[in-house]
Amino acid sequence: MNSHSFPATRYPLIQAPMAGAQGSALALAVCRAGGIGSLPCAMLSPEALRQELDLLQAQASGPYNVNFFCHTPPASEPAREAAWLERLAPFYAEMGLTPPTGPATAARAPFSAALAEMLEAYRPPIVSFHFGLPEPALLERVKSWGSQVWSSATTVEEARWLEAQGVDAIIAQGLEAGGHRGHFLSPDLTLQMGTFALLPQIVHAVGVPVIAAGGMADAAGVRAALALGASAVQVGTAFLLCDEAQTSALHRRALTSPQARHTALTNVFTGRPARGIANRLMKELDYLCPQAPAFPLATSGMAALRAHAEAAGSADFTPLWSGQNNQGCRAAPAAEVVAALMAS
Ligand SMILES: Cc1cc2nc3c(=O)[nH]c(=O)nc-3n(C[C@H](O)[C@H](O)[C@H](O)COP(=O)(O)O)c2cc1C
């Protein structure tokens with residue numbers, strides 16, 4: 001694939017990688033329907049990743065994208081972890097559970113030399129990153145085998161930085177988007193703009209193709225993004241109810257309930273701000289909780305609360321990632337969502 005030429009597909013549509021909510025089945029269905037399917041790799045074990053890559057390589061009918069996080073693993077902060085468990089203590093008491101002991105553990109690993117080693121055998125057409133880019137030597141390695149490299153920008157500054165590092169396309173992620181913010185130059189959330197404010201400014205600032213992400217839920221939204229200069233759109237939330245997605249029953253129920261109207265940014269599930277449907281844990285910890293350990297260390301402290309509540313059929317402690325516009329979700333094959341988004 002030529003650098004900076006956008007991959008040729010029937011539709012300028014990328015199904016957003018959604019860690020924890022989908023695997024190769026959704027990606028393959030979107031590829032078959034004429035878009036670009038994505039495999040989120042951040043939460044996969046090496047064995048699971050290899051299996052998924054085998055499936056994509058054997059069955060993808062067009063270009064596909066594999067997606068990794070590239071955060072810097074945080075140092076352990078015992079005082080903050082203790083403060084976090086103290087903040088969660090009333091919930092543990094309420095459920096009659098003993099809070100965890102020992103240091104917090106990480107459930108999401110960043111891109112690494114070992115992952116690059118595995119990926120090289122597959123040479124996926126596109127490798128996208130969230131939270132910046134891997135170190136230059138690793139980035140060069142990915143580019144050396146011909147994969148296009150994409151990454152998310154939440155500000156014009158991040159877009160310029162990514163272009164200077166040689167990415168092939170920039171995903172302009174607006175404030176509306178579901179899941180984790182892709183920011184990496186500054187943690188200041190007030191810097192992130194809505195998609196339709198951010199997109200034209202990034203298009204104006206860089207020379208590489210720009211992909212619009214956040215808030216697109218129907219064909220009119222897609223057309224608006226393309227009219228504002230996007231080379232393609234990346235849509236996540238609208239695919240969450242698809243037959244091929246792995247979205248949990250509790251998550252599906254929340255997405256189809258009136259509760260879905262209220263989404264907010266929160267750091268209480270992972271330590272990094274992400275948009276999800278507002279639930280009890282988010283509200284009672286004021287959405288952005290200063291005691292939450294750095295990404296991804298907040299997860300292990302509340303895992304037992306989540307498991308206990310889920311076993312009782314409650315999503316009060318479950319991350320219910322969703323964008324602000326969840327009106328495009330359909331409990332249907334992914335091909336129907338693709339057709340609805342691309343209807344003329
Ligand atoms: C459930 C869910 C999980 C997500 N996980 C990832 C991920 O693993 N990697 C990534 O780059 N983006 C992830 N995102 C963000 C998407 O790439 C994209 O920015 C977002 O879905 C676009 O906005 P929309 O949800 O309004 O369509 C996730 C989004 C959702 C809704």
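Counting convention: from 1, in listed order, for ligands and their atoms alike. Sequential numbering from 1 along the given sequence is applied to the chain's residues.
Shortest contact from atom 22 (C) of ligand 1 to any protein heavy atom: Gly214 N, 3.5 Å. Scanning the protein heavy atoms around atom 26 (O) of ligand 1, the nearest turns out to be Gly215 N, 2.9 Å. From the protein, the heavy atom lying nearest to atom 24 (P) of ligand 1 is Thr237 OG1, 3.6 Å. Closest to atom 1 (C) of ligand 1 among all protein heavy atoms lies Trp321 CB, 3.4 Å. When only non-hydrogen protein atoms are considered, atom 13 (C) of ligand 1 lies nearest to Pro17 O, 3.0 Å. Atom 17 (O) of ligand 1 has as its closest protein heavy atom Gln234 NE2, 3.0 Å. Shortest contact from atom 16 (C) of ligand 1 to any protein heavy atom: Ala16 CB, 3.6 Å.
By the 4.0 Å N-to-carboxylate-O rule, Glu94 lies close enough to Arg280 to be salt-bridged with it. A salt bridge does not link Arg87 to Glu284: none of the charged nitrogens lies less than 4.0 Å from a carboxylate oxygen.
At a 3.5 angstrom cut-off on N or O pairs, Ala19 counts as close to ligand 1. Checked against a 3.5 angstrom limit, the closest N/O atoms of Gln173 and ligand 1 fall inside it. In terms of N/O distances under 3.5 Å, ligand 1 is not approached by Ala177. Of the polar atoms of His180, none of the N or O atoms is found under 3.5 Å from an N or O of ligand 1, judged by distance alone.
Using modelled atom types, no side-chain atom of Arg253 and backbone atom of Ser248 make a donor-acceptor pair closer than 3.5 Å. Using modelled atom types, one side-chain atom of Thr299 and one backbone atom of Phe269 make a donor-acceptor pair closer than 3.5 Å.
Between Tyr122 and Trp145, the ring centre distance reaches or exceeds 6.0 Å. His180 and Trp321 have their aromatic ring centers within a separation under 6.0 angstrom.
Counting heavy atoms closer than 4.0 Å to ligand 1, residue Asn67 contributes side-chain atoms (C-beta onward) but none from N, CA, C or O. Residue-level proximity to ligand 1 for Met18 is carried by backbone and side chain together, each with a heavy atom below 4.0 angstrom.
Heavy-atom contacts of Val235 reach the following atoms of ligand 1: 27 (O) (cutoff under 4.0 Å).
A cation-pi geometry, defined here as NZ or CZ lying under 6.0 Å from the six-membered ring centre and within 45° of its normal, holds between Arg272 and Phe131.
Summarising the geometry of Gln246 relative to Gln22, their closest heavy-atom pair is OE1-C, 3.4 Å, with the distance given to 0.1 Å.
Using a 4.0 Å heavy-atom cutoff, Phe129 is absent from the residues neighbouring ligand 1.
Scanning Ala274, Gly236, Ser322, Gly178 for the heavy atom closest to atom 15 (C) of ligand 1 points to Gly178.
Side chains of Ser24 and Glu52: a donor on one and an acceptor on the other come within 3.5 Å.
For the side-chain contact (heavy atoms from CB on, under 4.5 Å) with Asn65, the lone residue among Cys31, Pro125, Ser38 that qualifies is Ser38.
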